[in-house]
Amino acid sequence: MGDARFALVAAVNDDGILASCLAASPDVVAGRLTITAMRGACNMAEAYNGGLAKVREQRGDVPLIVLFAHQDVYLPEGWLDLAKQRLAALTRAESDWMVAGPYGVRADGSHVGLVWDGGLGRELGMKGFGHAPVVSLDELLLIVRDEGGFAFDPQLPQFHLYGTDLVQSALTAGRGAFAVELPLVHNSQRVDTLSGGYTLAYRYARDKWRARLPIPTTICDLSANPLHLLRAKWRVRKVAKRTGKPASDAAELARLAGYGSEPGGSSPG
Ligand SMILES: [Mn+2]
């Protein structure tokens with residue numbers, strides 16, 4: 001796979017965070033990945049479908065692997081080369097895959113992935129899974145195999161649950177969805193409320209996927225039982241809020257997490 005097959009799309013509402021995280025990723029700095037930045041959208045489908053239309057127009061008929069990334073994601077040194085290897089392996093093993101990401105949830109509700117979460121200040125997940133089938137993906141990075149017909153659901157309100165919606169769309173179309181071992185840094189702010197936008201998206205997704213409930217996600221089970229969302233709201237309220245800029249330098253976090261370093265390489269003293 002050549003670099004030209006990869007496109008990178010981001011919804012941006014804070015250029016400072018973009019500059020210190022996604023745009024500071026070595027593959028972006030080196031010009032191997034170019035960010036298509038979408039601003040001012042009213043929901044994630046508007047941003048991502050708009051970005052997708054742009055990259056399709058630029059690249060013509062080349063089948064693309066489109067990376068839809070949060071502005072607060074940092075792709076460590078060597079990430080694109082690792083992605084090529086891991087996605088080629090995924091394609092050999094699961095030729096019908098349509099969507100992938102570094103962190104997701106299996107059908108039994110267990111999480112699978114490997115991400116350094118800057119908001120929590122710790123690593124989430126575990127090494128060594130390679131790839132694993134999921135029913136939901138964390139939205140921090142969604143990898144879509146674009147063959148021309150795909151779009152995010154423009155009816156899904158706000159900026160939540162589009163990873164779950166995407167995975168469920170793939171699965172109902174008879175395609176595969178996988179967590180893939182591609183460690184990265186998510187320099188996230190803590191979610192401070194599940195009211196408002198989250199609840200609107202939750203209600204829409206719950207009704208849309210009624211026949212497939214419950215669907216576990218990283219935040220809250222999508223369920224006909226209202227207690228799941230109430231409990232998740234209560235949990236989130238208990239967690240101390242963080243505000244302002246990303247907690248730490250993304251490249252430093254990647255170094256501390258050991259992402260992008262050679263296996264068995266020496267660590268700086
Ligand atoms: Mn984020």
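Counting begins at 1 with the first residue of the sequence. For ligands, and for the atoms within them, numbers begin at 1 and follow the listed sequence.
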Could you check, using the six-membered ring where one of them is a Trp, whether Y162 and F68 have ring centers closer than 6.0 angstrom? no
Flag the pair H111 / Y103 as yes when their ring centroid distance falls below 6.0 Å, and as no otherwise. yes
Hey, are the side chains of P183 and L82 touching, using non-hydrogen atoms and a 4.5 Å cut-off? yes
Checking side-chain polar atoms at under 3.5 Å, does Q158 have a donor or acceptor matched by the opposite partner on Y204? no
Does anything in residues 215-227 pair up under salt bridge (Lys or Arg N to Asp or Glu O under 4.0 Å), and if so which pairs, sequence neighbours excluded? none
Aromatic ring pairing F152/F150, orientation class (parallel under 30°, perpendicular over 60°, tilted between):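 Perpendicular: the ring planes of F152 and F150 meet at over 60°.
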Relative to the Mn ion (ligand 1), how many protein N, O or S atoms have a separation of less than 2.8 Å? 4
